[in-house]
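Data block below; observations after.
For clarity, every value in this text was computed on a predicted model and none was experimentally measured. Naming convention: chains lettered A, B, ... in sequence-line order (proteins, then strands); numbering from 1 in each chain.
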Amino acid sequence: MPELPEVETVKRGLEPALVGRRIAHVDLRRKDLRIPFPARFAERLAGKRITGMGRRAKYLLADLDDGETLIIHLGMSGRLTLSGKSGRNGEGRYYHEVRPLTRHDHVVLDLDDGERLVFNDPRRFGLMSLARTAELSAASFFRHLGIEPLGNELSADRLLDGLKGKKTSLKAALLDQTFVVGIGNIYACEALHRARISPKRLCHTMKLERAERLAQAIKEVLMEAIEAGGSSLKDYVHADGSLGYFQHRFAVYDRESQPCPRKTCKGTKIRRIVQSNRSTFYCPNCQR
DNA sequence: AGGATACCCTGACCGC
DNA sequence: TGCGGTCAGGGTATCC
């Protein structure tokens, strides 16, 4: 379920533990995830220091001190877990505990301070790769990506420009990562509900007023989810170091037959339809 | 060419 | 209790 807000939350959760640390050892426990690991992956990571972290679309980035960047995509079920524990106990004695590895723990990064980062991904829709930091935007993963939804790039005008002439539904357009990045099935539904626009509406029928509402709604929905993730970060990095996805209240997603939260809808039931093989949830009363 | 569909994969869940 | 079927969705290959 990781869309932009979840990836951003993972980035913020990991940043303090990873930046400045050196990767002491890498354990690659299989040869591929969704795609094969790049050549000499473990060797290229080992010994490098993590100098900073970033995010592009739903990709998590860790810059290394040799000019390469570790690229991580969580796919659908990927998780990054901090599982090492080391330090001085009450008696000043050094201790080191590491959680035993489990099924689907595919990549293990041991850091120089005793911390351990584990990538677990049951469905293996995720990926890990490496690219030259200076050439990231030209890397295959990023070359075709559209604009980031937060910040000034996304505006009503920019939306209108991208939507004009498109014959698809708005829902499909929002999921298209070559247009706007970071929005997945959940936040597409949520943004359209907040903007009071039908997911079935055809792109080319959009005019300025709806485009303004949609641009605003996308930003709000994503930013509120990031805030919810941020505020739950201390719960979210659990005592054992594992990172869970924060629970967030959705207005329409996965709420089929439940009342639309919008007061003026007076209990109109949320409807579920299928668009391009994916569930769409919306309120037939307020979304037009 | 661009839009729709199939597929990768496993776990959760449901009905029997 | 077990078992088969269905669904979940990010991204991309492939088809139309």
Inset, instruction - With sequence neighbours excluded, give me every salt bridge (charged side-chain N to carboxylate O under 4.0 Å, His left out) pair touching residues 135-153 of chain A. - result: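 Residue pairs passing salt bridge (charged side-chain N to carboxylate O under 4.0 Å, His left out), neighbours aside: R55(A)-E148(A), R56(A)-E148(A).
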Inset, instruction - Answer yes or no: is there a donor N or O on one side and an acceptor on the other, between the side chain of Q216(A) and the main chain of E212(A), under 3.5 Å? - result: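 No.
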Inset, instruction - Without swapping roles, check the side chain of N120(A) against the backbone of H104(A) for a donor-acceptor pair under 3.5 Å. - result: yes
[N] phosphate, OP1 or OP2: any side-chain N/O from [X] under 4.0 angstrom?
X	N	result
R272(A)	dA8(C)	yes
N277(A)	dA6(B)	yes
S279(A)	dC7(C)	no
R103(A)	dG11(B)	yes

Inset, instruction - Please work out which of the three classes, parallel, tilted or perpendicular, describes the rings of F119(A) and H106(A), given edges at 30° and 60°. - result: tilted
Inset, instruction - Anything under 30° is parallel, anything over 60° is perpendicular, the rest tilted; go ahead and classify Y187(A) against F250(A). - result: perpendicular
Between [atom2] on [N] and [atom1] on [X], what's the gap in Å once rounded to a whole number?
X	N	atom1	atom2	value
D176(A)	dG3(B)	CG	P	8 Å
Q275(A)	dT5(B)	CD	P	11 Å
H106(A)	dC9(B)	NE2	C1'	10 Å
F179(A)	dG10(C)	CZ	P	18 Å
D121(A)	dA8(C)	CG	C1'	14 Å
D32(A)	dT10(B)	CG	P	11 Å
L4(A)	dG10(C)	CG	P	12 Å
F119(A)	dC9(B)	CZ	C1'	13 Å

Legend entry - Contact pattern, 5' to 3', of nucleotides 11-16 of chain C - B, S or - by protein heavy atom under 4.0 Å: BS----
Inset, instruction - Establish, from distance only, whether the side-chain atoms of T69(A) and D63(A) form a donor-acceptor pair under 3.5 Å. - result: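 Yes, a side-chain donor-acceptor pair sits under 3.5 Å.
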Legend entry - D157(A) and S155(A) side chains, donor-acceptor separation under 3.5 Å: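 No, because no side-chain N or O of S155(A) sits under 3.5 Å from a partner of the opposite role on D157(A).
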Legend entry - P spacing across the pair dA6(B) / dT6(C), given as an integer number of angstrom: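 The same atom, P, in both gives a distance of 15 Å.
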Inset, instruction - Using the P atom on both, measure dT14(C) against dC9(B) and round to a whole Å. - result: 15 Å
Legend entry - Which residue lies more 5' along DNA chain B, comparing T168(A) with F125(A) via nearest heavy atoms: T168(A)
